[in-house]
Amino acid sequence: MSKGEIVILDCWVSPFCLRVKIALKEKGLEYEEREEKELLGKKSDLLLKSNPIHQKVPVLLHNGKPICESTVIVNYINDNWPSPPFLPSSPYEIAQARFWADYIDKKVHDAGGNIWKSKGEAQERAIKDFIEIVKQLEEGLGERDFFGGDTFGLNDISLISLTSWFHAYEKFGNFKVEDHCPKFSAWIKRCSERPSVSQVIPDPEKVYEFVLMLKKMFGLE
Amino acid sequence: MASSSEKVKVLGFWVSPFVRRVEWALKLKGVDYEYIEEDIFNKSSLLLKLNPVRQKVPVLVHDLKVVAESYVILEYIDEIWKQNSLLPLDPYQRAMARFWAKFAEEKVFETAWNALCSGGEEKEKALKIAIESLEILEGEAKKIQNFFGGDRIGYLDIAMGWIGYWLPVWEQVGCMSILDPLKFPATSAWAKRFISHPLIKHNLPPREEMLVYFDKRSKELSSISQGWIKV
């Protein structure tokens, strides 16, 4: 399968863009990154043309054809370039992986958002909910090295990307994930050692500063 | 080819559109199954055992293997039973089907549901998004002759099938107009074709009972609602 031209419409701080970059690197694919310069302002013509419906990054352009929505894109990358696989081989194990992918997408980022968007008692509740979700994921991981079993897979990619914002949540909420979920923290360290992750994951302090800027912008200080 | 009905079970709730998706898929594949009704307001130990993480229906049990979440189940069904495939083989077409299913779920289904279960400004806001999103879908519906899956019903038809049957009930209960056939002729025509399909029309909940159910349910949720209701 020829690689063709691969372009990602990107934003350095977006965990959803991170998913796509990690996925491409895991497959050994070369790609061009086009950073959306005006983060929360004017969107580029290319973005508006490629994703007229949501007008959001990430967008993958493969030979000019746009694919949007990070989970759809990562599945597309896996379907188009099967090796190494992001999913197990049996339909049942694939279904289990997809179940957790859905859980991750529906729960993690919103729960994290509730932490930095709130204060006082509401924030305490948000932290409690967030930790419950991470504990659930830790249970799902079990004794395995990765969510993909022996291999780094779809859910490892999706979830490690979201953890790029965890330092910001921890700082705003004055808590540490490691204190509550040591196995999960060990999994984060394991994934972070992979070049596909370490080469693209943003500096956690810079993410924190970005979220601080968002708080100021939305009057949430 | 088709498993015996003892090997495939569907745990469901009579009025849930998510559960019907799974049943439609099994019927389209010619797979026999045993249906088990669950009272979601009084969850059984069976449901809590089969789906402890989300505690929701539908749940599919196949040869003792348990699969939950309607879209996950659809893809599982498609992978196990190869006849009458639901998703296209081409990776780009698969991505498009998945993209549109997600769009319809988030921008039409969730917004229509929120419009039903809220009032005032919140209802107006939800209605606006639902209608704007249908305008986008209408563009896609104009491109097809029969179904989004081509000549046969496919993944996206199943994903959006609720539009032809649940949405008119919600419109009636909520005194709202979302799928106006004059504004959305292509979507309305597709919805009618879908609901009239022999394998679909005999697998729909009774309309009168749906009206009663959603009238009661929407009032309950309106009274406790604190913002966006995640289905």
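A salt bridge does not link B:Lys65 to A:Glu93: none of the charged side-chain nitrogens sits closer than 4.0 Å to a carboxylate oxygen.
In this structure, B:Lys102 NZ and A:His54 NE2 are separated by 6.5 Å, a value rounded to the nearest 0.5 Å. Separation of atoms CD (B:Glu79) and OH (A:Tyr92) is listed at 14.0 Å; rounding is to 0.5 Å.
Shortest non-hydrogen contact noted between B:Val66 and A:Gln96 is O-NE2, 3.1 Å. Residues B:Ala95 and A:Ile67 share a closest heavy-atom pair of CB-CG2, 4.0 Å.
Between A:Arg98 and B:Glu69 there is no side-chain heavy-atom pair separated by less than 4.5 Å. With a 4.5 Å cut-off on side-chain heavy atoms, A:Asp102 and B:Arg54 count as touching.
Of the listed residues B:Val53, B:Ile136, B:Ile80, B:Val67, the one with more heavy-atom pairs under 4.5 angstrom with chain A than any other is B:Val53. Among the candidates B:Tyr71, B:Tyr92, B:Phe103, B:Phe99, the residue making the largest number of heavy-atom pairs closer than 4.5 Å to chain A is B:Tyr92.
For the side-chain contact (heavy atoms from CB on, under 4.5 Å) criterion with B:Pro91, the lone passing option out of A:Ile77, A:Asn80, A:Asn78 is A:Asn80.
The 12-atom threshold is not exceeded at CG of B:Leu64, counting heavy atoms of other residues, nucleotides or ligands nearer than 6.0 Å.
Using a 4.5 Å cut-off between heavy atoms, B:Arg98 contacts chain A through both its backbone and its side chain.
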